Visitor: 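The structure under discussion is supplied below as structure tokens; questions concerning it will follow.
Note that this is a predicted model, so its numbers are computed, not measured.
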Amino acid sequence: TGVAASVYTARSSTEAIRLSVQSRGLALHPDTEQMLVRMDLSMNMALKSIEAQRFDEGRGHLDAAAEYASRLLKIAGRQ
């Protein structure tokens with residue numbers, strides 16, 4: 001889906017930034033780390049909801065994951 005692609009791109013971009021800042025002895029901002037965790041959690045919750053045929057609930061989790069992905073992509077300068 002479009003959400004899965006956005007989440008993948010956001011995760012990849014954030015990991016690239018993490019490696020860059022770590023090479024300089026720094027760390028990602030805690031808010032950025034938290035968004036990454038919440039994005040992944042939202043995707044996992046969406047999958048479980050959809051598997052349980054709770055589609056409206058799954059859609060809500062996908063929407064949340066898409067929002068976190070959008071924010072991360074903005075931080076990475078990819079949007």
Visitor: Please find the pair of heavy atoms, one from Ser13 and one from Leu73, that lie closest to each other, and give the distance.
Guide: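 Nearest pair, atom of Ser13 first, then Leu73: OG-CD2, 4.3 Å.
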Visitor: Would you call Arg18 and Thr32 a side-chain contact if the rule is heavy atoms closer than 4.5 Å?
Guide: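 With C-beta onward as the side chain, the pair stays apart.
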Visitor: Show every donor-acceptor pair shorter than 3.5 Å between a side-chain atom in residues 34-42 and any protein atom, with sequence neighbours excluded, or say none if there are none.
Guide:
from  : atom 1 : to    : atom 2 : distance (Å)
Asp40 : OD1    : Arg11 : NE     : 3.2
Asp40 : OD1    : Arg11 : NH2    : 2.3
Ser42 : OG     : Arg38 : O      : 2.9

Visitor: So, the side chain of Thr9 versus the backbone of Ser6: is there a donor-acceptor pair under 3.5 Å, distance only?
Guide: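 Absent.
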Visitor: Can you pull out every salt bridge (charged side-chain N to carboxylate O under 4.0 Å, His left out) where at least one residue sits in residues 49-61? Sequence neighbours excluded, please.
Guide: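 As it turns out, the salt bridge (charged side-chain N to carboxylate O under 4.0 Å, His left out) pairs with a partner in residues 49-61, which skip direct neighbours, are Arg54-Glu57, Arg59-Asp63.
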Visitor: Applying side chain to side chain contact (heavy atoms under 4.5 Å, CB included), run through Leu62 and Ile50 and close with a yes or a no.
Guide: CA-CA 10 Å; Leu62 283 175; Ile50 291 167; 4.2 Å; yes
Visitor: So which heavy atom on Ala4 is nearest to which on Met43, and how close?
Guide: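 Closest heavy-atom pair between Ala4 and Met43: CA-CE, 4.3 Å.
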Visitor: Using atom types as modelled and distance alone, determine if a side-chain donor or acceptor of Ser49 lies under 3.5 Å from a backbone N or O of Met45.
Guide: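 The answer is yes, because a donor-acceptor pair under 3.5 Å joins these two groups.
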Visitor: Tyr8: which residues meet the side chain to side chain contact (heavy atoms under 4.5 Å, CB included) condition with it, sequence neighbours left out?
Guide: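 By the side chain to side chain contact (heavy atoms under 4.5 Å, CB included) rule, Tyr8 matches Ser12.
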Visitor: Is Leu26 reachable from Ile17 through a run of I, L, V, M, F, W or Y residues, each pair having side-chain heavy atoms under 4.5 Å apart?
Guide: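 Yes, Ile17 connects to Leu26 through the hydrophobic network.
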Visitor: How many angstroms lie between atom CG of Leu19 and atom CG of Leu28, to the nearest 0.5 angstrom?
Guide: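 One gets 9.0 Å once the value is rounded to the nearest 0.5 Å.
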Visitor: Could you check if a side-chain atom of Val7 sits within less than 4.5 angstrom of a side-chain atom of Leu72, using non-hydrogen atoms only?
Guide: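 No; the side chains remain at least 4.5 Å from each other.
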